[in-house]
Amino acid sequence: MLQLNYIRENKEEAIERLAIKNFDAKAILEQVLELDNDRRKTQNELDSLLNEANIIAKQVGDLFKQGKKAEADELKNKSVALKESSNKLSEQLKSIEEQQHKLLVQVPNTPSFKVPKGKTPADNENVYQEGEIPKLYSGAKPHWELAEQYDLIDFELGVKLTGAGFPVYKGKVARLQRALINFFLDKATAAGYLEVQPPIMVNEASGYGTGQLPDKEGQMYHATIDNLYLIPTAEVPITNIYRDVIVKTNQLPIKMCGYTPCFRREAGSYGKDVRGLNRLHQFDKVEIVQIAHPDKSYDTLEDMRNYVAGLLRDLELPFRILKLCGGDMSFGSALTYDFETFSAAQEKWLEVSSVSNFETFQSNRLKLRFKDGDTKAQLTHTLNGSALALPRIVATMLENFQTPEGIRVPKALIPYTGFDLIN
RNA sequence: GGAGAAAUGGCAGAGUGGUCGAUUGCGGCAGUCUUGAAAACUGUUGAGGGUUACACCUCCUGGGGUUCGAAUCCCUAUUUCUCCGCCA
């Protein structure tokens, strides 16, 4: 959520920046500012009425003590009248604030000026590419066929147990996934991230804090009896650890990582995009989160980008980094790098990580601030990234490392898997 | 799941209807002293709104109510603790 102060002082800039995201903000921001004027006016009136009422209440008390009951009663009547008008005003105020809030949550985050203009994924800027695209032998297969050939992943069985998009991993691939999770967590820990194991269900306040609610409600599984949501990413519980917290400046940056399953309803997905492991309702992911000082958050973003690149390098996977264009960015992000690995048998790039700086968009909702001494508390910046999401990594590994004898395991992972060939 | 108790500032912990936004201690910050530090002493120290700055307003878990006046009384939700039941 954008800060009111920012909108008040930089309306034109906000409109300009939001245009990069193809969001026409003029009307809505002007309405927000108009409501803000109303709000302040109403609040001023209300405050002076309350002030008057407070004074009278004190006088009544004094008069009672002095035994001047008649005078006290007279003042009481005056106070009752005051109360009526103040009740009316405070209802007005509440309604104004609600309207304003309703508008504000509809406004996406302002993208950084570094974000390229554009509407579709085709407009994303390819900023980096590394690794060789493997040339496969003839007869090489996409991962879903390999999964069947070696009896590694049972999609049908998942349908029986739960439904489409909930596969069952077996044997060496189950072990491979566990290996990847441990590998990613060890790497993150070595890079200074504190490992946390958060709940994988969250309440409404947490969903709101990181921006999944109210707008993306339909994308999360909702346990309605208890009004809890299955998390779509560990970003939600981990970032919300610092909801309503004021940290000391010297605690920044705060670095946390965690492994969780992630759940996404993916309503509206179809076709070959969802084939095999490409898009699932449940998948595993290690997430990294940082809470940073506003002056340093873009350096932090570059650190995170380099960190994720290192993981893909370790896994010997060819990858490219895209700077997302305005039209392809998420609602809350100010700048996002997507990582894609090249899946050789499908001959396409698969998104395996997304690293974003949210600037104050989340911290404003979270009321996550920092301060030292007697300075005023200021909003932090929040960042997060996948490091990494498993299924597409597994898909790419199966495809790229396949040989007629079986599927090779990259060197860095062998200590974790305990085997070097899946066959 | 049943019965009882509780929820106050970073922490601990006073406060049961009228200068309570809240006593006090610890912690934090600043200063005195010291070569420096510790100790001691002094001062300062919650958040939000509002104002050029003051004033002023709101917040004692959340929501509602009683009252001229609520941290204090009532209702309700949530959470925590104790006891019982169940249980990986």
Side-chain angles (χ1 to χ4, degrees), chain A residues 1-9 32-101 103-105 197-209 213-214 223-229 237 240-252 254 291 360 362-380:
Chain A
M1 191 160 70
L2 296 184
Q3 295 177 78
L4 253 182
N5 270 343
Y6 172 76
I7 299 175
R8 219 183 275 160
E9 286 158 25
V32 165
L33 289 179
E34 209 172 291
L35 284 166
D36 192 45
N37 279 334
D38 277 3
R39 194 206 97 233
R40 275 189 284 180
K41 212 176 114 208
T42 312
Q43 180 140 40
N44 275 337
E45 277 176 53
L46 176 62
D47 284 357
S48 53
L49 282 186
L50 290 175
N51 180 224
E52 216 175 311
N54 284 344
I55 291 168
I56 289 176
K58 265 179 205 161
Q59 287 171 343
V60 171
D62 288 342
L63 289 171
F64 265 120
K65 274 185 201 156
Q66 292 164 28
K68 297 176 180 167
K69 195 163 173 307
E71 287 173 51
D73 283 340
E74 198 177 316
L75 268 181
K76 270 195 201 178
N77 291 334
K78 201 170 157 194
S79 181
V80 170
L82 267 179
K83 202 178 172 186
E84 257 175 57
S85 33
S86 75
N87 276 347
K88 211 170 132 196
L89 273 177
S90 91
E91 257 168 55
Q92 254 181 54
L93 183 65
K94 209 169 141 191
S95 137
I96 291 170
E97 282 171 344
E98 271 166 19
Q99 285 177 57
Q100 192 182 43
H101 186 256
L103 290 175
L104 272 175
V105 294
Q197 238 173 42
I200 60 177
M201 296 185 98
V202 293
N203 57 27
E204 243 180 302
S206 294
Y208 175 80
L213 296 175
T224 51
I225 294 179
D226 296 298
N227 197 23
L228 297 174
Y229 295 85
N240 270 281
I241 290 173
Y242 282 89
R243 168 154 49 87
D244 291 319
V245 173
I246 300 177
V247 298
K248 295 212 173 89
T249 308
N250 62 18
Q251 286 177 263
L252 299 175
I254 294 165
I291 296 166
T360 59
Q362 292 182 327
S363 59
N364 192 26
R365 291 178 169 219
L366 292 161
K367 296 197 169 47
L368 163 49
R369 290 162 291 176
F370 69 96
K371 69 176 258 184
D372 39 19
D374 24 328
T375 60
K376 208 177 137 125
Q378 222 189 119
L379 295 174
T380 67

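Computed from heavy atoms alone, side chains included, the values below leave out hydrogens, waters and symmetry copies. Just so it is clear: chains get the letters A, B, ... in the order the sequence lines come, proteins before strands, and each one is counted from 1. In this text the structure is predicted, and so the values were computed from the model without any measurement.
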Quiz item: Do H101(A) and V105(A) touch side chain to side chain, with heavy atoms closer than 4.5 Å?
Solution: yes

Quiz prompt | Sugar-phosphate only, base, or nothing, as touched by K78(A) at under 4.0 Å among non-hydrogen atoms | solution = nothing

Quiz prompt | C1' atoms of G31(B) and C68(B), separation to the nearest Å | solution = 46 Å

Exercise. Write down the atom of I56(A), the atom of S79(A), and the distance for their closest heavy-atom approach.
Key: CG2-CB, 4.0 Å

Quiz item: Using atom P of each nucleotide, how far apart are C33(B) and A47(B) to the nearest Å?
Solution: 31 Å

Practice problem: May I have the distance from E204(A) (atom CD) to A77(B) (atom P), rounded to whole angstrom? | Solution: 18 Å

Exercise. Quote, to the nearest angstrom, the C1' distance that separates C56(B) from C74(B).
Key: 31 Å

Self-check item: Nearest-nucleotide 5' precedence on RNA chain B, K94(A) against S79(A)
Solution: K94(A)

Quiz item: Using the P atom in both, what is the distance from U24(B) to U78(B), to the nearest Å?
Solution: 37 Å

Exercise. In whole angstrom, give the distance that lies between atom CG of N203(A) and atom P of G62(B).
Key: 16 Å

Under 3.5 Å, N/O pairs linking protein and nucleotides 17-20 of chain B:
unit_1: G18(B); atom_1: N2; unit_2: A57(A); atom_2: O; d: 2.7

Exercise. Give none if G46(B) has no partner; otherwise give the nucleotide forming a Watson-Crick or G-U wobble pair with it, both distances under 3.5 Å.
Key: C59(B)

Self-check item: Any side-chain donor near an acceptor of the partner, N203(A) and S206(A), under 3.5 Å
Solution: yes

Practice problem: Calculate the interatomic distance between I246(A) atom CD1 and A47(B) atom P; express it in whole Å. | Solution: 6 Å

Quiz item: Quantified in whole Å, what is the C1' atom distance between nucleotide C87(B) and nucleotide A14(B)?
Solution: 41 Å

Quiz item: With rounding to whole Å, what would you report as the distance between G85(B) and G13(B) at their C1' atoms?
Solution: 35 Å

Set out, line by line, the N/O atom pairs under 3.5 Å between protein and nucleotides 53-57 of chain B.
unit_1: C56(B); atom_1: O3'; unit_2: N51(A); atom_2: ND2; d: 2.8
unit_1: C57(B); atom_1: OP1; unit_2: N51(A); atom_2: ND2; d: 3.2
unit_1: C57(B); atom_1: OP1; unit_2: N54(A); atom_2: ND2; d: 2.9
unit_1: C57(B); atom_1: O2'; unit_2: D47(A); atom_2: OD1; d: 2.8

Quiz item: Using atom C1' of each nucleotide, how far apart are G2(B) and A88(B) to the nearest Å?
Solution: 22 Å

Quiz item: If you look at every heavy atom in G209(A) and R365(A), which pair is closest and at what distance?
Solution: O-CB, 3.6 Å

Quiz item: Does A39(B) have a Watson-Crick or wobble mate here (both distances under 3.5 Å), and if so which one?
Solution: none

Quiz item: More than 12 non-hydrogen atoms from neighbouring residues, nucleotides or ligands closer than 6.0 Å to CD on Q251(A), yes or no?
Solution: yes

Quiz prompt | Contact under 4.0 Å: K367(A) side-chain N or O vs G48(B) OP1/OP2 | solution = no

Quiz item: Rounded to whole angstrom units, what separation is found between the CZ atom of R8(A) and the C1' atom of U51(B)?
Solution: 12 Å

Practice problem: Name the closest nucleotide to the K76(A) side chain, picking from A47(B), G50(B), C68(B). | Solution: C68(B)

Exercise. For E74(A), look at atom CD and say whether over 12 heavy atoms of other residues, nucleotides or ligands are found less than 6.0 Å away.
Key: no

Self-check item: Atom-pair distance (CG on D244(A); C1' on G62(B)), nearest Å
Solution: 12 Å

Self-check item: Whole-Å gap separating P (G10(B)) and OH (Y242(A))
Solution: 16 Å

Quiz item: Roughly, in whole Å, what's the span from CG in N77(A) to P in G69(B)?
Solution: 12 Å

Quiz prompt | K376(A) vs G49(B): side-chain N/O to OP1/OP2 distance below 4.0 Å | solution = yes

Self-check item: Spacing of the P atoms in A30(B) and G46(B) (rounded, Å)
Solution: 16 Å

Exercise. Under a 3.5 Å limit for both distances, which nucleotide forms a Watson-Crick or G-U wobble pair with C11(B), could you say?
Key: G25(B)

Exercise. Flag the pair V32(A) / L2(A) as yes when at least one side-chain heavy-atom distance between them is below 4.5 Å, and no otherwise.
Key: no

Quiz item: Does R369(A) put a side-chain nitrogen or oxygen below 4.0 Å from OP1 or OP2 of A47(B)?
Solution: no

Quiz item: Sub-3.5 Å donor-acceptor pair from the side chain of T380(A) to the main-chain atoms of F370(A), do we have one?
Solution: no

Exercise. Using both distances under 3.5 Å as the test, list the Watson-Crick or G-U wobble partner of A70(B), or none.
Key: none

Quiz item: Atom CD of E204(A) and atom CG of N227(A): how far apart are they, to the nearest 0.5 Å?
Solution: 4.5 Å

Quiz item: So which pairs with a foot in residues 35-51 of chain A pass salt bridge (Lys or Arg N to Asp or Glu O under 4.0 Å), sequence neighbours left out?
Solution: R8(A)-D36(A), D36(A)-R39(A), D36(A)-R40(A)

Self-check item: Under-4.0 Å side-chain N/O to phosphate OP1/OP2 contact, K248(A) with C29(B)
Solution: no

Self-check item: Opposite nucleotide pairing with C83(B), Watson-Crick or G-U, both atom distances under 3.5 Å
Solution: G2(B)

Exercise. Hey, could you give me the OG/CD distance between S90(A) and Q43(A), rounded to the nearest 0.5 Å?
Key: 10.5 Å

